[in-house]
Amino acid sequence: MTVIECSHLEKRYRGGAGVKDADFTIQENTITGIVGRNGSGKTTLMKTIAGYLKQTGGEISVFGENPFNSLKVSANSMYLDEYTMFSNALTTKDILHHHSRFYPNWDAQLAQRLADYFSIPMKVGTDYLSKGQKNTFYGILGLAARCPLTIFDEPTTGMDASVRKDFYRALLKDYLAHPRTILISSHHLDEIDELIEDLLLIDGGRTVLHLPIEEVKEYAMAVSGPAIEVKNWSAQQDVIAHLEDQGSISTVIVKNHFTAAEKAAAGGLRFAPVSASDLCVYLTRRNIGGIDDVFSNSQHG
Amino acid sequence: MMSLATVSTGDIIRQQIIYKCYAMADLWRSLVVIQLIAIFFSAIGSGGMSTYDDMFSLSITSFSNDAVFMFTVFWILVTSALITSKGYRYEDFSYVTTRLISQVSNGILLLITALVASLFTVMSNYVIYMVVYLFRDIEFYPGLASVGAPGELLLTFSAMTGYLLLASAAGYFFGVLIQISKYFIAIVPIMMFGPTMVRPLFIYEFGYDFYAQESSVFLFLVKTIGTALALYVCGVALMNRKEVREI
């Protein structure tokens, strides 16, 4: 069953930006990583899916309904980020209790055990938790609610390394026991590439890539060698990016759909795999050159 | 696939109201504090007259819960505006809700609040009576409305509820307008008090003629509840398309 369907989805703010053209479908019982640079529209997209924001163009359907003002979507989905709000009149314990009233699949035991494990104070309001504790607490809410669609927007902000690892492990364990649809965004693809099944890459408000993570890892090759040879060989290829030349050695990132014969013709060139997270960086480069160019041609140079 | 939860609008409204009663704990507390302060002022006495002659001196001090009532009207006005603010709205969306459910539960909550606040205000008469009786060395002549017959109390209660609902709906609508645009903070007072340039007591006269002068309790309630409902429905309609957590 299709859980989320977006076609040419657009969400513009008065200032501009947001989502410009999101086109994808997400099937039930998958974990999808939503990746993109700062300001690429990840959060806007996820809030539109959750029904917080109203689209300004295109189509969106979640569980077969437009999520904006849909009770069905609200009852079956959960959006959590570091700005999730709870009254400070309620202690964390109260918040767990209120969740049990709203979410039919709520697992109170799991919530309590995770809270104990992560040493979340139970007698204070969320304002008194540290940034990492707060996000851990929201992560616990997302796991224990067992919503058919759970959206984690940068869930590990402020968590220390060991809590991060434990949280992802808890997420995976609970997902295997109770399969559901999970969207998770992160700046650190390296951290989640073992966890996610699909990757949705967004750049400038557009969906650039939506593939199973295994295919993403095979998607491109780095080819390096003497500049002239690299240039000649790659002329017939889909070049994703040119890296900075290191002396006379030049490197290009090409799509991994060349034939064996083409590879054989490359002769002395070196082929190396490109990790998913590097690929995302190359696919979303804004301009030719890099941070070094900012400093050249200036008084620093 | 995890089976989709089917929930009824009515049940979620009920759950939201229960939640809001907890989340509003601070606001409830502020009502109690404000009424206690007002009771203290009332027990000092308001208005009075004294006269004397060679043989006697007479001083009359009147006590009433008018101050408690005025404080409560102000409290509900501010509280109603406050629950339209981002903090309270966004919180609803941390649970299950839609904009309509969120607002209907706000409306019901404000109705309950007005009824409870009226009850407290009516009862405050007894507290003032008790305080004066215990701590002031004076002869006491209860008036009709203070420790009156059940009929009198019901009348007072109804009238207070009418005014409180009116104040609450006005506060709520004002709060909604501010959420739509911050400019309304300036526009609303100008629209309210602009006409007073021409006729100084415009609002006072209108309010006095339309509501306060109404001699039938039933018609008074129709007028106040009707106005309150109209303001509230306008507020709901304006808010129903408002996005949450937009930044």
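To find a chain, count down the sequence lines: A is the first, B the second, and so on, and within it residues start at 1. Because the structure is predicted, anything quoted here is derived from the model rather than measured.
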Novice: With only heavy atoms counted, which part of B:Asp11 is less than 4.5 Å from chain A, the side chain, the backbone, both or neither?
Specialist: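 Contact with chain A: none, neither part.
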Novice: In terms of heavy-atom pairs under 4.5 Å with chain A, which of B:Thr9, B:Ile18, B:Asp92 leads?
Specialist: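 It is B:Ile18.
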Novice: Can you tell which part of A:Lys72 gets under 4.5 Å to a heavy atom of chain B, answering side chain, backbone, both or neither?
Specialist: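 The side chain, not the backbone.
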Novice: A side-chain contact here means heavy atoms from C-beta on lying under 4.5 Å apart; do A:Glu154 and A:Asn135 qualify?
Specialist: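 In short, these two side chains do not touch, never coming nearer than 4.5 Å.
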Novice: Checking heavy atoms, do the side chain of A:Asn69, its backbone, both or neither come under 4.5 Å from chain B?
Specialist: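 Both parts, backbone and side chain.
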Novice: Between A:Thr43 and chain B, with a heavy-atom cut-off of 4.5 Å, which part of the residue counts as in contact: side chain, backbone, both or neither?
Specialist: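 Interface part for A:Thr43: neither.
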Novice: Tell me, side chain or backbone of A:Leu90 under 4.5 Å from chain B's heavy atoms, or both, or neither?
Specialist: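 For A:Leu90, the contact with chain B is made by the side chain alone.
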Novice: Any side-chain heavy atom of B:Ser105 sitting closer than 4.5 Å to one from B:Tyr19?
Specialist: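 No. Closest side-chain heavy atoms not under 4.5 Å.
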Novice: Heavy atoms only, distances under 4.5 angstrom: which of A:Tyr138, A:Phe86, A:Tyr79 has the most pairs with chain B? Name it, please.
Specialist: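 Top count of heavy-atom pairs under 4.5 Å with chain B: A:Phe86.
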Novice: Should A:Ile4 and A:Leu149 count as side-chain neighbours, where that means a heavy-atom distance under 4.5 Å?
Specialist: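 Heavy-atom side-chain distance check passes, below 4.5 Å.
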Novice: For a 4.5 angstrom cut-off between non-hydrogen side-chain atoms, does B:Phe173 reach B:Leu238?
Specialist: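 Yes; the side chains approach each other to less than 4.5 Å.
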Novice: Between A:Asp116 and A:Arg113 (salt bridge meaning N to carboxylate O under 4.0 Å), is one present in this structure?
Specialist: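 Here A:Asp116 does not pair with A:Arg113 in a salt bridge, since their nearest N and O are not under 4.0 Å apart.
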Novice: Heavy-atom distances under 4.5 Å only: say whether A:His97 touches chain B with side chain, backbone, both or neither.
Specialist: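 Contact with chain B is absent: no heavy atom of A:His97 under 4.5 Å.
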Novice: Quick check on side-chain contact (heavy atoms from CB on, under 4.5 Å): which of A:Asn88, A:Asp94, A:Ile95 does A:Thr91 satisfy it with?
Specialist: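 Only match with A:Thr91 under side-chain contact (heavy atoms from CB on, under 4.5 Å): A:Asp94.
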Novice: Is there a side-chain contact between A:Thr84 and B:Arg245 in this structure, where contact means two heavy atoms from C-beta onward sitting under 4.5 Å apart?
Specialist: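 Yes. Closest side-chain heavy atoms under 4.5 Å.
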Novice: Looking at chain B, which one of A:Pro104, A:Ala145, A:Ser77, A:Ala89 has the largest number of heavy-atom pairs inside 4.5 Å, strictly under?
Specialist: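 Of the candidates given, the most pairs with chain B belong to A:Ala89.
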